[in-house]
Structures are given as C-alpha cells and as structure tokens.
Amino acid sequence: MKKDPKERQELLPGTLDLLILRTLRHEARHGYGIAQHLRICSQEVLQVGEGSLYPALQRMRAKGWITGDWRKSETGRRARFYQLTPSGLEHLERALKSYRDMTAAITRILEAT
C-alpha cells in the first residue's frame, strides 16, 4: 500500500532527538544532511522539516549533547555541521535503552490479543 505523501507521520515525544543523535553517532553532518539521512533511512516515511529540525538541534546544543561549527559543505556553501559530544553519546545510550524497552512493552501488548 503506497503512502499518501500528504499524510503526516507524527513522532513520539523525544523520538526526533533520538534519531538526530543516532544520525550524528559516527560523523558530523549539517542540518540538510541530517534531514536527508532520516528521509532515506526511513524509506521516505519521515520527512523532517526545518520547523522541527532546527529547534531540536538548538535544544540539543543548549543541553550540551551536540556542538556545531561552521564549515564548507559538499556544495561549497557555508553550513553548520553538528557533532555528538560525550554527554550526547551518554544520553543517546540511555535513550536507546528506554526506547527499546518501551517498544518491546508495546509490542507485547499488541500481540497479547
């Protein structure tokens, strides 16, 4: 069944932060690169817009989970590249465990009947 592109997928609270931190786990990326990674890896299901992405990045910078520095992108344009901090990595590990525990519990309930 093909998904209607107008149908918007809502993320659970905190999930966007988790996905962004996981995306930054192995390499620094600029905002557009993060959004593209999420779109491609989700097979076009998750389309994270600027109105959600950049406030999340700013919130995570304020919490010390990521840093951002200005560099030239692949296209030669100046872009802020975000990178995971040690504090962000610790938070990511805790958040992944919490997410996996929650989804396992939900799966148990859905399969119970």
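Keep in mind that the numbers below use all heavy atoms, side chains included, and drop hydrogens, waters and symmetry copies. These numbers were taken from a predicted model, which means no experiment stands behind them.
- For the atom pair CD (Glu44) and CG (Leu38), the distance works out to 11.5 Å, reported to the nearest 0.5 Å.
- For the atom pair CH2 (Trp65) and OH (Tyr82), the distance works out to 15.5 Å, reported to the nearest 0.5 Å.
- Put simply, Leu53 and Phe81 are part of two different groups of oily side chains (I, L, V, M, F, W, Y) that touch within less than 4.5 Å, one to the next.
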Which donor-acceptor pairs under 3.5 Å do the side chains of residues 17-26 make with protein atoms, sequence neighbours left out?
{"unit_1": "Asp17", "atom_1": "OD1", "unit_2": "Arg59", "atom_2": "NH2", "d": "2.8"}
{"unit_1": "Thr23", "atom_1": "OG1", "unit_2": "Leu19", "atom_2": "O", "d": "2.7"}
{"unit_1": "Arg25", "atom_1": "NH1", "unit_2": "Glu93", "atom_2": "OE2", "d": "2.8"}

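- Atom-to-atom distance recorded for Arg39:CZ and Tyr32:OH is 6.5 Å, nearest 0.5 angstrom.
- Contact between Pro55 and Glu50 at its shortest, heavy atoms only, is CD-O, 3.5 Å.
- Of the options Arg78, Gln36, Glu74, Arg71, a side-chain hydrogen bond (donor to acceptor under 3.5 Å, both in side chains) to His30 is made by Glu74 and by none of the others.
- Interatomic distance, Ser42 OG to His37 NE2, rounded to the nearest 0.5 Å: 9.5 Å.
- Between the side chain of Thr107 and the main chain of Thr103, a donor-acceptor pair closer than 3.5 Å is present.
- Taking OG of Ser73 as the reference point, atom CZ of Arg29 lies at 13.5 Å (rounded to 0.5 Å).
- When only modelled atom types and interatomic distance are considered, Ser87 and Thr85 share no side-chain donor-acceptor pair under 3.5 Å.
- Nearest heavy atoms, Leu16 versus Ala56: CD2-CB, 3.9 Å.
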